[in-house]
Amino acid sequence: MNEQQLNDEIPKHYDPTETEDKWYAYWEEHQYFHSEPDDREPFAVVIPPPNVTGVLHMGHMLNNTIQDVLVRRARMQGKNACWVPGTDHASIATEAKVVQKLRKQGIKKSDLSRDKFMDHAWDWTNEHGGIILQQLRTLGASCDWKRTRFTLEEELYEAVIDCFIKLYDDGFIYRGKRMINWDPQAQTALSDEEVIHKEVQSKLYHVRYPIKNSDEYVTIATTRPETILADTAVCVHPDDERYTHLIGKRAIIPMVEREVEIIADDYVDPEYGTGCLKITPAHDTNDYDLGQKHGLEIIDMLNADGTISEAGQFYVGKDRFEARKLIIKDLKDQDLLVDVEEMPNKVGYSERTDAVIEPRLSLQWFCRMDELSKPALENVMNDNIQFHPAKFKNSYAHWMENIRDWCISRQLWWGHRIPAWYFGDEPDEYVIARTEDEAVEKAREKSGNANLSSDDLHQDEDVLDTWFSSWLWPMSVFDGIRNSENEEINYYYPTKDLVTAPEIMFFWVARMIMAGYYFRDEKPFSNVYFHGIVRDEQRRKMSKSLGNSPDPLELIKQYGADGTRVGMLFASPAGNDLLFDENLCEQGRNFSNKIWNAFRFLMMNKQDGTDYSPTTDIDPENLADRWMMSRIKQTLTGVEQDFENYRLNEALKKIYSLVWDDFCDWYIEVSKADTPGEPMPAENLERALGLFELLMKMLHPFMPFLTEEIWQRIQVRSPEEALTISQWPELDADADEDAIDLFSLIQEQVSAIRNIQSEMGVSPKTELTLHIKTNSQEQAEKLDEQSWIFTKFLSVGSLEFNPDLTKPKASASALVKGTEIFVPLEGLIDLDKERERIQNEIKKTQGFLKSVEGKLSNAKFVENAPDDVVDRERQKKVDALSDIEKLKQMLENLG
RNA sequence: GGGUUCAUAGCUCAGUUGGUUAGAGCGUUGCAUUGACAUUGCAGAGGUCGGCAGUUCGAAUCUGCCUGAACCCACCA
């Protein structure tokens with residue numbers, strides 16, 4: 001075809017925009033990603049469900065790129081790949097967003113009924129929900145969209161309720177009044193995992209409490225002086241001589257002037273602060289425990305929103321931090337504040353709202369974890385479930401071994417409502433039921449009151465922790481909780497790979513494993529691949545608030561989905577954090593373009609009106625063919641291993657180098673016609689295309705769009721022949737070592753000659769006369785057969801291979817694996833420069849020789865080292881000596 | 001306070017059970033351009049493998065200590 005046609009059909013630069021939409025639509029239309037149980041080996045992956053109203057960020061992009069690579073490869077390997085997508089209702093996060101939106105409209109949540117609020121929440125969900133799933137298509141994610149699930153949809157809702165009831169019936173779930181983590185902003189209880197401890201610089205206030213009927217004082221130390229209002233005791237160490245005389249006496253709490261007892265407990269560390277501790281059982285976990293032990297009164301001085309309640313008496317209605325400032329001032333005025341110490345302190349913050357957590361005594365639902373954790377721990381430690389990288393087993397084990405009961409109730413509306421129905425005022429007057437009717441029946445039975453009606457019952461207002469639905473995900477997406485015997489769950493479960501960030505190992509991964517063993521007595525997945533966190537160049541975590549996160553969709557627009565995927569993967573060694581650098585996406589784009597142009601070149605050689613069938617049957621007489629095929633085999637073997645070890649970036653790098661360095665830089669060059677401008681011979685083209693198709697297959701999991709585009713352009717394909725569902729290459733592992741050795745030698749010789757050209761400033765166009773002194777007659781013959789290869793890379797006037805050749809004068813020379821290359825450059829050569837070059841080479845080799853001789857002259861080395869190691873050193877010595885000799889002669893020869 | 005991991009070229013990382021004078025990509029330097037691709041090609045420079053000691057014939061690799069960094073867990077005011 002002529003140039004105009006070519007540029008119209010195959011432009012110089014690959015343009016991903018059109019291609020990507022086109023092929024995604026094609027894949028969806030033909031349902032390549034849809035899976036039904038059949039007799040193939042299943043390969044199920046469940047997506048870590050993003051928040052339903054979330055938008056794609058860099059973390060999602062990394063997470064889903066990795067999953068897509070794994071799933072696409074499995075699909076090509078003939079497995080029944082099923083990647084289940086979906087979204088999470090994200091109880092607290094979504095509710096917070098809805099509350100915020102309502103507030104902007106001047107509506108307070110407390111003004112709304114539960115139903116009204118839920119209407120707003122569903123509106124919000126329907127409006128913003130699922131955007132992220134659309135964005136995943138842009139990335140190329142090959143999810144089975146027909147299977148899209150949502151954690152709050154009806155069936156999954158029922159699954160959660162079923163799960164709750166089973167756990168309750170089995171005695172794992174209980175209701176109790178406990179110290180929990182309270183988020184005053186979201187006004188809900190949180191689990192321990194949702195509290196982030198941050199070290200902050202705080203102040204330790206030393207405050208004097210007068211002793212009743214005495215002039216004496218005790219001085220306590222506290223970081224939260226506002227809680228003084230709720231103090232119900234003062235505590236010292238029983239053996240602390242400073243205070244023993246005070247034990248049993250009564251101290252007067254400042255401000256509120258309440259009399260409390262001074263008690264003794266060896267919990268107190270005499271060395272810390274003043275050695276004297278104020279006890280506020282309502283607002284501190286340790287104080288609560290001490291309060292229980294010593295039978296202390298509990299005064300709760302905080303409202304749910306973190307303001308001071310009536311019980312505090314002072315600063316009522318003020319925020320806790322405001323109250324802190326005020327009380328400090330008041331204590332100072334009363335001369336009761338004796339010291340303020342700067343002190344680093346760990347403070348708990350809400351993972352969602354970033355509000356400072358208040359320990360709070362509260363009636364909540366809990367799930368007992370000790371028993372659930374046992375099989376979950378065991379099966380990870382024995383690698384029944386494999387963690388990649390394995391180092392995460394340690395922290396997993398530590399968490400599992402110290403697991404505590406899980407607070408599962410949340411004072412929120414957006415979520416799965418707890419199926420408890422109360423029929424009286426006593427804490428135990430409730431029943432657990434799926435429906436109101438069932439609840440009435442059970443309540444009648446439990447109360448003995450046959451006249452109870454639904455009017456006498458009210459359902460628990462609270463919902464369950466989001467993760468209480470997420471932990472069922474690998475089962476619930478296949479309806480495995482409600483219908484544990486159906487075909488789907490039996491076929492797809494356990495799923496294969498779970499890909500996620502270590503951040504949610506405890507929130508999610510650990511709990512899924514526990515739920516899996518509890519409900520099905522079987523692991524939920526076989527492998528967990530933990531990838532890192534996406535960070536910027538300064539190692540800061542990418543976040544909205546820092547504004548350091550690029551918009552993934554913009555990246556895709558700019559570099560193509562394939563280029564962006566490559567960029568992400570290049571930066572992401574398994575288990576390590578990923579330092580995102582947009583340059584890597586650029587590199588990915590450049591790679592796309594390189595591949596595109598390799599394709600473009602091959603197409604240029606297609607002659608009009610001729611049929612071509614790409615073939616992988618290489619020409620056994622053609623060294624380049626044999627070499628290229630062997631390189632593909634070697635790479636494939638390595639790639640398989642990398643996949644085994646979840647080292648996706650290594651696999652990609654290997655293929656990258658195979659395509660760019662081996663195929664483009666050497667194989668295509670060799671395959672070109674002798675005369676520039678002439679099309680390459682048809683057989684060469686067919687083989688080049690055949691090998692290129694293999695490369696497209698290997699690359700497809702990483703770069704699905706570009707490879708499909710090229711695949712479909714090389715030949716007209718039916719829907720059954722799409723690359724996406726093609727067979728992953730299966731080649732025997734025997735690489736042709738002879739071909740690789742000989743071709744590598746030629747590559748090195750060509751490089752050496754190019755080096756001479758570069759160093760001597762000889763234009764690559766200058767025709768060269770080449771004399772190559774070989775190690776043997778046999779080698780000379782072998783190389784001579786391949787002299788055509790030299791002509792593809794160099795401007796060759798004449799070329800001679802000979803084991804005994806007379807060295808030409810005024811030549812630049814080089815030594816490659818014992819072969820000596822002479823390039824007569826009369827007039828062009830700078831003799832001093834050439835002398836220096838060779839002398840440097842001699843110096844280097846002598847240094848090498850010295851180190852080898854050092855080893856060989858060491859009797860202990862010769863004695864102790866394995867024979868093959870010693871032999872290798874001996875051979876090195878022989879080679880080095882011979883090299884030096886040859887180099888010296890080259891030097892002499894220069895004249 | 002407990003635990004884990006890491007330290008290799010300017011940057012980001014490979015380096016399998018110890019055995020070529022340590023590799024890649026990016027960046028950098030020089031040269032090259034009328035046809036596959038400057039989103040390119042060719043060639044080069046660049047590291048006493050954080051420090052010290054030890055084990056060994058031999059250490060980037062194993063051990064100990066030191067220094068520095070990161071992460072996770074934990075109710076010490």
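Remember, it's a predicted structure, so these values are computed and weren't measured experimentally. The sequence lines fix the lettering, A, B, ..., with proteins before strands; numbering per chain opens at 1.
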What's the NZ-P distance between A:Lys792 and B:A36, to the nearest Å?
-> 13 Å
What nucleotide, of B:U20, B:U5, B:G30, holds the atom closest to the side chain of A:Asn394?
-> B:U5
Find the distance A:Asp642:CG to B:U16:P and express it as a whole number of Å.
-> 14 Å
Can you tell me, in whole Å, how much space there is between the C1' of B:G18 and that of B:U39?
-> 43 Å
Residue whose nearest RNA chain B nucleotide is more 5′ - A:Val195 or A:Lys12 = A:Lys12
Looking at A:Lys876, does any N or O in its side chain come under 4.0 Å of the phosphate oxygens OP1/OP2 on B:G19?
-> no
Counting side-chain heavy atoms from CB outward, which of B:A77, B:C26, B:A36 is closest to A:Thr222?
-> B:A77
How long is the gap from OH on A:Tyr243 to OG1 on A:Thr274, to the nearest 0.5 Å?
-> 4.5 Å
Looking across every strand, which nucleic acid part, if any, lies under 4.0 Å from A:Pro866 by heavy atom: base, sugar-phosphate, or nothing?
-> base
Looking across every strand, which nucleic acid part, if any, lies under 4.0 Å from A:Ser751 by heavy atom: base, sugar-phosphate, or nothing?
-> sugar-phosphate
If you check every side-chain atom of A:Cys664, which of B:A36, B:C73, B:A77 has the closest atom?
-> B:A36
Remember a base hit wins even if backbone is also touched, and classify A:Asn345 as base, sugar-phosphate or nothing at under 4.0 Å, heavy atoms.
-> sugar-phosphate
Check whether any side-chain N or O of A:Asn590 sits under 4.0 Å from OP1 or OP2 of B:C37, and answer yes or no.
-> no
Measure from CG on A:Asp662 to P on B:G41 and round the result to the nearest Å.
-> 13 Å
Partners of A:Asn394 by side chain to side chain donor-acceptor pair (under 3.5 Å), sequence neighbours excluded?
-> none
Using atom P of each nucleotide, how far apart are B:U20 and B:A60 to the nearest Å?
-> 11 Å
What distance, rounded to whole Å, do you find between the two C1' atoms, one in B:A38 and one in B:A14?
-> 29 Å
A:Ser657 side-chain N/O to A:Lys653 backbone N/O, donor-acceptor pair under 3.5 Å = no
If you measure from the C1' atom in B:G23 to the same atom in B:G15, how many Å do you get, rounded?
-> 7 Å
Starting from P on B:U4, measure out to NZ on A:Lys393 and report it in whole angstrom.
-> 14 Å
With A:Lys198 as the cation and A:Tyr349 as the aromatic partner, state whether NZ or CZ is under 6.0 Å from the six-membered ring centre and within 45° of the axis.
-> yes
A:Tyr272 has its side chain closest, among B:C76, B:A38, B:U20, to B:C76
Calculate the interatomic distance between A:Met568 atom CE and B:U12 atom P; express it in whole Å.
-> 17 Å
What distance, rounded to whole Å, do you find between the two C1' atoms, one in B:U12 and one in B:C66?
-> 27 Å
Cation-pi check, A:Arg631 onto A:Trp666 ring (under 6.0 Å, within 45° of axis) | no
Between B:A9 and B:U48, how far apart are the P atoms? Round to whole Å, please.
-> 9 Å
Taking only the side-chain nitrogens and oxygens of A:Asn755, find out if one of them lies under 4.0 Å from OP1 or OP2 of B:C42.
-> no
Can a donor-acceptor pair under 3.5 Å be found between the side-chain atoms of A:Glu669 and the base atoms of B:A36?
-> yes
Say whether, by atom type as modelled, one donor and one acceptor occur between the side chain of A:Asn597 and the main chain of A:Asn593 under 3.5 angstrom.
-> yes
Counting side-chain heavy atoms from CB outward, which of B:G30, B:A14, B:G41 is closest to A:Lys594?
-> B:G41
Report the nucleotide, chosen from B:C37, B:A43, B:A74, that has the shortest atom-to-atom distance to any side-chain atom of A:Arg404.
-> B:A74
A:Glu650 side-chain proximity, nearest of B:A14, B:C42, B:A38 = B:A14
May I ask you to evaluate whether A:Asn593 reaches the phosphate of B:U39, defined as a side-chain N or O under 4.0 Å from OP1 or OP2?
-> no
Nearest-Å distance once atom C1' is located in both B:C6 and B:A43 | 36 Å
Interatomic distance at C1', B:G46 relative to B:G27, whole Å | 11 Å
Ranking B:A14, B:U39, B:G41 by distance to the side chain of A:Arg589, first place goes to B:U39
From CD1 of A:Ile279 across to P of B:A77 the rounded distance in Å is 14 Å
Cation-pi between A:Lys672 and A:Phe601: NZ/CZ under 6.0 Å from ring centre and within 45° of the ring axis?
-> yes
Classify the nucleic acid contact of A:Asp581 as base, sugar-phosphate or nothing, counting any heavy atom under 4.0 Å across all strands shown.
-> nothing
